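Below: one structure, written as structure tokens.
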Amino acid sequence: MARPFIVHEADVEEVVLPGGGSFRLLEDSVNSDGLLGANRLVLAAGADGTRPHHHKLSTEIFYVLDGTMEFLVDGAHSSVGKGGLVVVPPGTVHAFGASSRASAEFFAVLTPGIARFDYFRQLGRIARGEADWDSMDGLHERFDVHFDGAPEWR
């Protein structure tokens, strides 16, 4: 059973991305007993968060803290500014990135949670050129991240 918990900024792992971006890994579903996973992300202007994909098990919720995010959700493109909320149910193909005009910051929650911190660490290595996309082969079921179609979506 999940118990109350608090995550302090000093305890948050940061995965550095190019251009001043980062993943801040808040909850990997361990403390919440699988209830949720939570991350705070900063993307440089024009940076993609990820390519089109879906989750079989989890709903993904995005709350834009600053800037403007570009989303592809179920084939539709949308710009979502500060204070906007996007909810993506399981099975829905989606992708996201910062607008080309400025960096963006957002809070993302996946529920139910699956231990995905290793996935975000690997994405950081890919973004920094330390690994390639092929390194994700075989990990899709483990992290419930299933790529759909070409990586270019904008």
Side-chain angles (χ1 to χ4, degrees), residues 7 9 11-32 34-74 77-80 84-154:
V7 178
E9 186 174 10
D11 299 326
V12 174
E13 178 183 348
E14 182 175 29
V15 176
V16 176
L17 300 172
S22 66
F23 292 112
R24 291 186 181 104
L25 308 178
L26 300 169
E27 166 56 17
D28 199 19
S29 80
V30 174
N31 292 315
S32 68
L35 180 64
L36 61 89
N39 302 292
R40 185 172 174 177
L41 293 89
V42 176
L43 296 175
D48 284 340
T50 190
R51 58 199 282 186
H53 68 286
H54 70 277
H55 308 288
K56 292 179 181 178
L57 305 173
S58 297
T59 294
E60 191 162 17
I61 302 163
F62 301 88
Y63 180 77
V64 181
L65 298 166
D66 197 25
T68 301
M69 295 288 298
E70 302 292 335
F71 285 89
L72 171 71
V73 179
D74 205 20
H77 291 262
S78 297
S79 294
V80 181
L85 179 74
V86 177
V87 178
V88 182
T92 305
V93 175
H94 61 288
F96 56 89
S99 79
S100 61
R101 296 181 304 279
S103 64
E105 185 169 3
F106 62 100
F107 179 66
V109 174
L110 289 117
T111 184
I114 294 173
R116 287 189 177 97
F117 280 5
D118 285 343
Y119 173 78
F120 293 112
R121 292 177 186 117
Q122 187 62 15
L123 280 181
R125 288 189 281 275
I126 291 167
R128 294 188 303 270
E130 299 165 10
D132 58 29
W133 275 106
D134 293 343
S135 66
M136 298 300 276
D137 291 349
L139 300 178
H140 307 294
E141 290 297 325
R142 174 179 169 200
F143 295 120
D144 187 32
V145 177
H146 310 277
F147 294 126
D148 296 287
E152 297 81 25
W153 59 276
R154 297 201 231 194

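Only a predicted model underlies this, so the values are computations on that prediction, with no experimental measurement involved.
Side-chain contact check for Phe117 versus Asn39: some heavy-atom pair is nearer than 4.5 Å. Under the 4.5 Å side-chain criterion, counting only non-hydrogen atoms from C-beta, Val93 is not in contact with Trp153. With contacts defined as side-chain heavy-atom distances shorter than 4.5 Å, the pair Ile126/Ser135 qualifies. Two residues are said to be in side-chain contact when any heavy atoms from C-beta on lie closer than 4.5 Å; His55 and Pro90 fail this criterion. In this structure the side chain of Asp118 reaches within 4.5 angstrom of the side chain of Arg142, judged on heavy atoms. Counting only heavy atoms from C-beta outward, the side chains of Leu123 and Trp133 approach each other to under 4.5 Å. Counting only heavy atoms from C-beta outward, the side chains of Arg116 and Asp144 approach each other to under 4.5 Å. Inter-residue side-chain proximity for Pro18 and Arg128 is flagged as met; some heavy-atom pair is nearer than 4.5 Å.
Annotation: the span from Met136 atom CE to Tyr119 atom OH amounts to 4.5 Å, rounded to 0.5 Å. For the atom pair CZ of Phe147 and CG of Asp137, the computed distance is 9.0 Å after rounding to the nearest 0.5 Å. One distance of note links CG of Leu41 with CZ of Phe23; it measures 5.0 Å at 0.5 Å rounding. A distance of 10.5 Å separates CG of Leu36 from CG of Asp28, quoted to the nearest 0.5 Å. Within the model, atoms CZ of Arg101 and CD of Glu70 stand 6.5 Å from one another, a figure rounded to the nearest 0.5 Å.
Smallest separation of non-hydrogen atoms from Val87 and Pro89: O-CD, 3.6 Å. The two residues Arg154 and Asp48 have their closest heavy-atom pair at NH2-OD1, 2.7 Å. The minimum heavy-atom distance linking Ala98 with Ala44 is given by the pair CB-O, 3.3 Å. Looking at every heavy atom in both residues, Gly149 comes nearest to Arg51 through O-NH2, 4.0 Å. When all heavy atoms of Ala115 and Ser29 are compared, the pair lying nearest together is N-OG, 3.4 Å.
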Output side-chain donor-acceptor pairs under 3.5 Å for residues 102-114, partner residues at least two apart or in another chain, one line each.
from: Glu105; atom 1: OE2; to: Arg40; atom 2: NE; distance (Å): 2.5
from: Glu105; atom 1: OE2; to: Arg40; atom 2: NH2; distance (Å): 2.7
from: Thr111; atom 1: OG1; to: Leu35; atom 2: O; distance (Å): 2.7

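Taking the six-membered ring for Trp and thresholds of 30 and 60 degrees, Phe71 and Phe96 have ring planes inclined between 30 and 60 degrees apart.
In this structure, Glu130 places its CD atom where more than 12 heavy-atom neighbours from other residues, nucleotides or ligands lie under 6.0 Å away.
Residues passing the side chain to side chain contact (heavy atoms under 4.5 Å, CB included) test with Val12, sequence neighbours excluded: Val7, Arg24, Leu26.
Between the side chains of His54 and His94, no donor-acceptor pair is found at a separation under 3.5 Å.
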